[in-house]
Structure formats: structure tokens, C-alpha cells
Amino acid sequence: NAGVTQTPKFQVLKTGQSMTLQCAQDMNHEYMSWYRQDPGMGLRLIHYSVGAGITDQGEVPNGYNVSRSTTEDFPLRLLSAAPSQTSVYFCASSARWEARSAEAFFGQGTRLTVV
Amino acid sequence: ILNVEQSPQSLHVQEGDSTNFTCSFPSSNFYALHWYRWETAKSPEALFVMTLNGDEKKKGRISATLNTKEGYSYLYIKGSQPEDSATYLCAFGGSNDYKLSFGAGTTVTVRA
């Protein structure tokens with residue numbers, strides 16, 4: 001059972017470039033989400049999904065897009081990378097669409113640097 | 001944006017000593033409080049999900065208590081070991097929002 005698989009682990013982008021962070025889970029979880037982790041701050045929610053075809057914005061959505069075409073996959077797209085998007089990104093999933101009710105399972109993280 | 005505070009930001013503890021730290025959250029509209037352990041170069045892993053006032057949970061040498069009326073939770077580590085070195089995150093879930101709001105974490109370093 002792989003759990004939550006997140007790729008790549010490291011990425012360096014130039015300002016203005018676009019890219020997609022991949023996230024897949026094999027636990028048939030309803031809820032999937034993307035967070036960013038910056039020094040001294042908690043995990044901040046970027047976007048989330050409560051099921052296939054349903055996505056919504058979190059706390060810091062600007063500059064990012066998501067889609068949820070299948071239960072398993074939840075990619076995060078950076079449209080035009082900016083240095084302010086340098087961060088560590090985590091994908092997470094929960095068994096229930098109410099994320100508050102069930103423990104979150106996290107991917108390994110992606111360390112993104114925008115130069 | 002909910003205010004979830006963790007204190008202290010970091011602490012050092014001698015191997016064998018016990019320690020505890022705090023997560024503060026809004027006392028109104030409480031639904032659940034999560035604790036996660038995040039070891040360096042790994043991903044956060046769930047320790048506890050707590051929903052009832054007065055709830056106490058235990059996993060090995062780590063335990064947690066919950067006071068929803070005053071809005072805080074304590075995490076205790078008994079007889080700290082080097083493998084307990086990690087950042088401990090708490091996350092609050094409110095009754096009017098099914099998402100989680102995370103604190104910034106408490107980083108524990110256990111010295112041998």
C-alpha cells in the first residue's frame with residue numbers, strides 16, 4: 001500500500017515558468033488537499049477537494065490551480081512561478097470528505113525553489 | 001483564518017526527562033483537534049484525533065489531553081528518547097468548517 005505518493009521531491013524553477021506537482025493516493029480517500037509549509041508558519045491550505053470533480057480554494061490559492069478528475073489524483077499547477085512560491089509543498093488525503101473527522105495522510109513533500 | 005497557537009516554538013530536553021507543550025485554539029465551534037509528529041526529511045504522521053472535552057489519548061510514551069471549553073490541548077512525552085526529536089503539529093477542526101487549521105508546531109530536540 002503506497003499511501004500518498006507525491007512527485008517530484010525537489011524542483012528548481014525560473015520565475016515565470018509553469019509546472020505541475022503530482023499527487024496520487026491509493027486508499028480511496030474522498031478528501032485531498034495541498035498545503036505549503038514556510039518557516040515559522042503552520043501548514044497553509046492552498047486548495048482542496050472533497051471528491052472527484054469538486055475542488056475549492058483554501059487559505060492561499062493565488063497562483064495555483066488544481067483539478068480532480070479521478071478519486072486517486074490531485075495535481076497542483078503553478079501557473080507562472082514567482083519567488084514567493086518558494087516553499088515546501090505537501091499533498092494530504094483523508095478518508096472522509098470532512099477532513100476534520102479523520103487523520104490526514106501526507107505525501108513526502110516537494111521542496112520547490114523559484115529563482 | 002483560525003488562530004491556532006503552539007507554544008513553545010522549540011524546546012530542548014535531556015534524554016530520560018519528560019516534557020509537555022501546548023496547542024491553543026478557538027474554544028467556540030469546536031469539532032476536533034489533531035496531533036501530528038513530523039520528523040526531519042519525512043512527512044507528518046498522525047498521533048491523535050480528539051473530539052471530546054476531557055479526552056485523553058496515549059500512544060506509547062506520548063499522551064495528549066483536551067480541554068475544549070478553555071481551548072487548549074497538551075501533548076506529553078514521558079521519558080524522552082532521541083527518536084522523539086521531531087516537530088509536533090496540532091490542527092483544529094471547527095464545527096462550521098470541515099477543513100483543518102494547523103499551528104506552526106513545537107520542535108522538540110532530545111539531547112543524549
Side-chain angles (χ1 to χ4, degrees), chain A residues 2-7 9-10 21 23-25 27 29-51 54-61 66 87-111, chain B residues 1-10 21-26 29-52 55 57 59 62 64 66 68 73 86-107:
Chain A
V4 180
T5 302
Q6 190 180 333
T7 57
K9 287 188 178 181
F10 301 95
L21 306 184
C23 177
Q25 51 91 9
M27 299 173 282
H29 282 177
E30 295 179 334
Y31 184 92
M32 295 186 74
S33 55
W34 278 100
Y35 294 91
R36 59 178 290 172
Q37 167 73 46
D38 299 295
M41 306 185 76
L43 294 170
R44 291 187 292 167
L45 184 64
I46 304 171
H47 284 285
Y48 65 97
S49 168
V50 299
I54 306 170
T55 63
D56 207 347
Q57 296 180 351
E59 182 184 346
V60 287
V66 292
S87 187
V88 180
Y89 292 84
F90 284 98
C91 178
S93 71
S94 299
R96 298 185 60 183
W97 68 268
E98 286 184 276
R100 63 190 181 185
S101 302
E103 66 179 272
F105 291 81
F106 287 86
Q108 293 287 352
T110 297
R111 186 173 294 275
Chain B
I1 300 172
L2 294 173
N3 196 21
V4 182
E5 301 281 346
Q6 290 189 248
S7 63
Q9 184 175 354
S10 64
F21 38 94
T22 309
C23 173
S24 300
F25 51 85
N29 301 316
F30 174 86
Y31 190 91
L33 194 284
H34 297 212
W35 280 101
Y36 293 84
R37 176 167 56 197
W38 185 10
E39 297 177 65
T40 302
K42 295 186 177 181
S43 51
E45 292 184 347
L47 287 170
F48 309 114
V49 177
M50 308 171 78
T51 57
L52 299 176
D55 208 3
K57 299 262 186 181
K59 182 179 286 189
I62 299 177
L66 179 66
T68 63
S73 175
T87 296
Y88 292 83
L89 301 171
C90 69
F92 170 81
S95 57
N96 54 358
D97 184 2
Y98 50 84
K99 304 186 295 293
L100 291 174
S101 295
F102 281 84
T106 293
T107 300

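Residue numbers start from 1 in every chain, and the chains themselves are labelled A, B, ... in the order their sequence lines are given, proteins ahead of strands. Values reported hereafter were calculated over all heavy atoms of this structure, with side chains retained and with hydrogens, waters and symmetry mates removed.
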ask   = Around B:Gln9, counting heavy atoms of other residues, nucleotides and ligands shown, do more than 12 lie under 6.0 Å from its CD?
value =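 12 or below, so no.
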Under a 4.5 Å heavy-atom cut-off, does chain B meet the side chain of [X], its backbone, both or neither?
| X | answer |
| --- | --- |
| A:Ala102 | backbone |
| A:Phe105 | neither |
| A:Leu45 | side chain |
| A:Val88 | neither |

Any idea which heavy atoms bring [X] and [Y] closest together, and the distance?
| X | Y | result |
| --- | --- | --- |
| B:Ala46 | A:Ala104 | CB-O, 4.4 Å |
| B:Ser43 | A:Gly107 | CB-O, 2.8 Å |
| A:Ser101 | B:Tyr31 | OG-CE2, 3.4 Å |

Q) In this structure, which one of B:Trp38, B:Tyr36, B:Phe102 forms a ring pair (Phe, Tyr, Trp, His ring centres under 6.0 Å) with A:Tyr35? A)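 Answer after filtering B:Trp38, B:Tyr36, B:Phe102: B:Phe102.
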How long is the span from the [atom1] atom in [X] to the [atom2] atom in [Y], to the nearest 0.5 Å?
| X | Y | atom1 | atom2 | answer |
| --- | --- | --- | --- | --- |
| B:Lys99 | A:Tyr48 | NZ | OH | 3.5 Å |
| B:Leu89 | A:Gln37 | CG | CD | 7.0 Å |
| A:Ser33 | B:Leu100 | OG | CG | 8.0 Å |

Worksheet entry | For chain A, the option from B:Ala32, B:Ala91, B:Pro44, B:Gly103 that forms the most heavy-atom pairs under 4.5 Å |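 Highest number of heavy-atom pairs under 4.5 Å: B:Pro44.
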Next on the checklist: Please check: side-chain N/O of B:His34 versus main-chain N/O of A:Arg100, any donor-acceptor pairing under 3.5 Å?
Outcome noted: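 Pair found, side chain donor or acceptor close to backbone of A:Arg100.
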